[in-house]
Amino acid sequence: MDRLDGSAHLMIVSDLDFTMVDHLDPDNLGLLRFNAMWEAYYRQDSLLVFSTGRSPTIYKELRKEKPLLTPDISIMSVGTEIMYGESMIRDEDWEQYLNQNWNREIVTEETAQFPELTPQSETEQRPHKVSFFVEKIKALKVIRFLSERLEKRGLDVKLIYSNETALDVLPKGAGKGQALAYLLEKFKVDGKMPVNTLVCGDSGNDAELFGVPEVYGVMVSNAQEELLQWHAENAENNPNIIHATERCAAGIIQAIGNFSLGPNVSPRDIGDFKKCKVEIYNSCHEVVKFYLFYERWRRAEVAKNMQTPNLIFFPLGTFVHPSGVEQPVNHCIDVMARLHGDKQGTDYRIWVDRVSSEQVGSDTWRMKFYKWEAFGEEQHGCLTTVLLSSKAKVPDGFTWMHMHQTWLEGSEPKDQTTWLF
Ligand code: GLC
Ligand code: MG
């Protein structure tokens, strides 16, 4: 929450399953396009919030399976758990607040009376969330009777039906919308209200997000009937909400363009950076661009006769490989030349996460970020520090001076020889 000194330029609050993550896209291209755009243009002055129905346990599983960025804030279990930063520090005030008129035992007692309800797995039962599966045709009736019974027992609850299968019972003050309203209030008190907020979702538990005042919203093209119906009944005339024509993360990029919230072209959609407008060059964009080039080099998506990027490296620079071995930059360039196309036709991908830039001299920047490579089932990442200088006369303005990498815990590959940068 305190990562930025001032107000976020843009705060994106996005659901994960079938919004940020397209489970029907095995190449994760939409997500990778969003990631590159976020790290190049937004990470420095904006906030990324994931708001998911998943419990922390299966949220962490998803982060291992998919190339998800590290969010600034994670809201889990349908707005009942709020956590800050990479170390995911819990907001205990929020959980205290949700205790009002909530009694989990009464909820389990009453729901047990409904044979139509099948409890979800243990991991998805949380202190302020009791979750079931229920068939669509039975859902409406169950919801009506169950809320009457719980009300009679003195509880203030909220029942949310999502994905045409899942029923969540939460305290009335919980939910994705309430959690966002709580965060916005905190920002307001700190004088750090985001300039713009964009909410993104696809299913029933996301509906509340679109009801939060003064936010922009995108229902991705693949949104579920239950969300579209909520919109038709409650927000049809709100010009700040769109139903995208693009699926999942591509729909989020589309909304950024539609509402003019900032740059909306992913570096991944740029084939030739030389034809790009100059204003978009900054040190973060440089990092994203280099790794994109490197991915394309290994996938043979750039021609071999295109110069290896000797030009951008300082000839006397040194690279400390994550194994700890220090290598002269020329050695790395030679190896890179040999690896052209070694990943052609595979699912090899690279992305960077948490890119930060600190100006350390009149023309020098210290960049820090996580660099990830995925190939088949394997995913490896390292913490990278690079010194960039803008003095040398190179076409895009930056020279890579020195680089230092260390493996992120437990993520080193068995064969470290093809990890170069
Ligand atoms: C996620 C959760 C599940 C919940 C559903 C809808 O799938 O894992 O417990 O019911 O979202 O909110
Ligand atoms: Mg979803």
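Start at 1 and go down the list; that is how both ligands and their atoms are numbered. Computed from a prediction, not measured in an experiment: that's the story for all the values here.
A distance below 6.0 Å separates the ring centres of H23 and F18. The distance between the ring centers of W351 and W38 does not fall below 6.0 angstrom. A distance of 6.0 Å or more separates the ring centres of Y294 and W297. Between F114 and F145, the gap from one ring centroid to the other reaches at least 6.0 Å. F421 has its ring centre less than 6.0 Å from the ring centre of F313. Not less than 6.0 angstrom separates the ring centroid of F210 from the ring centroid of H231.
Inside a 4.0 Å radius of atom 7 (O) of ligand 1 there is not any protein heavy atom.
Ring pair W102/H128 is tilted by interplanar angle, where 30° to 60° counts as tilted.
Between the side chains of E373 and Y348, at least one donor-acceptor pair of N or O atoms lies under 3.5 Å.
Ligand-side atoms of ligand 1 in range of A166: 6 (C), 10 (O), range being under 4.0 angstrom from any heavy atom. Taking a cut-off of under 4.0 Å to the non-hydrogen atoms of S162, the atoms of ligand 1 that pass are 6 (C), 12 (O). Listed by atom number, the atoms of ligand 1 under 4.0 Å from E124 heavy atoms are 2 (C), 8 (O), 9 (O). Atoms of ligand 1 lying under 4.0 Å from at least one heavy atom of K129, given by number and element, are 3 (C), 9 (O). Remark: ligand 1 atoms within the under-4.0 Å shell around heavy atoms of V78 are 12 (O).
Counting protein heavy atoms only, atom 2 (C) of ligand 1 is closest to G53 O, 3.2 Å. For atom 3 (C) of ligand 1, the closest non-hydrogen atom on the protein side is Q120 OE1, 3.2 Å.
Counting heavy atoms under 4.0 Å from ligand 1, residue I58 touches it through the side chain alone.
Shown here are the protein N/O/S atoms lying under 2.8 Å from the Mg ion (ligand 2), water excluded: D15 OD2, D17 O, D202 OD1.
At least one N or O atom of D168, backbone or side chain, sits closer than 3.5 Å to an N or O atom of ligand 1.
L155 pairs in a side chain to side chain contact (heavy atoms under 4.5 Å, CB included) with only one of the listed residues (V169, N101, V107), which is V107.
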Exercise. Where do D15 and K176 land on the salt bridge (Lys or Arg N to Asp or Glu O under 4.0 Å) test, with the steps shown first?
Worked result: CA-CA 9 Å; D15 169 51; K176 291 188 178 191; 3.1 Å; yes
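Two residues are said to be in side-chain contact when any heavy atoms from C-beta on lie closer than 4.5 Å; S46 and M11 fail this criterion.
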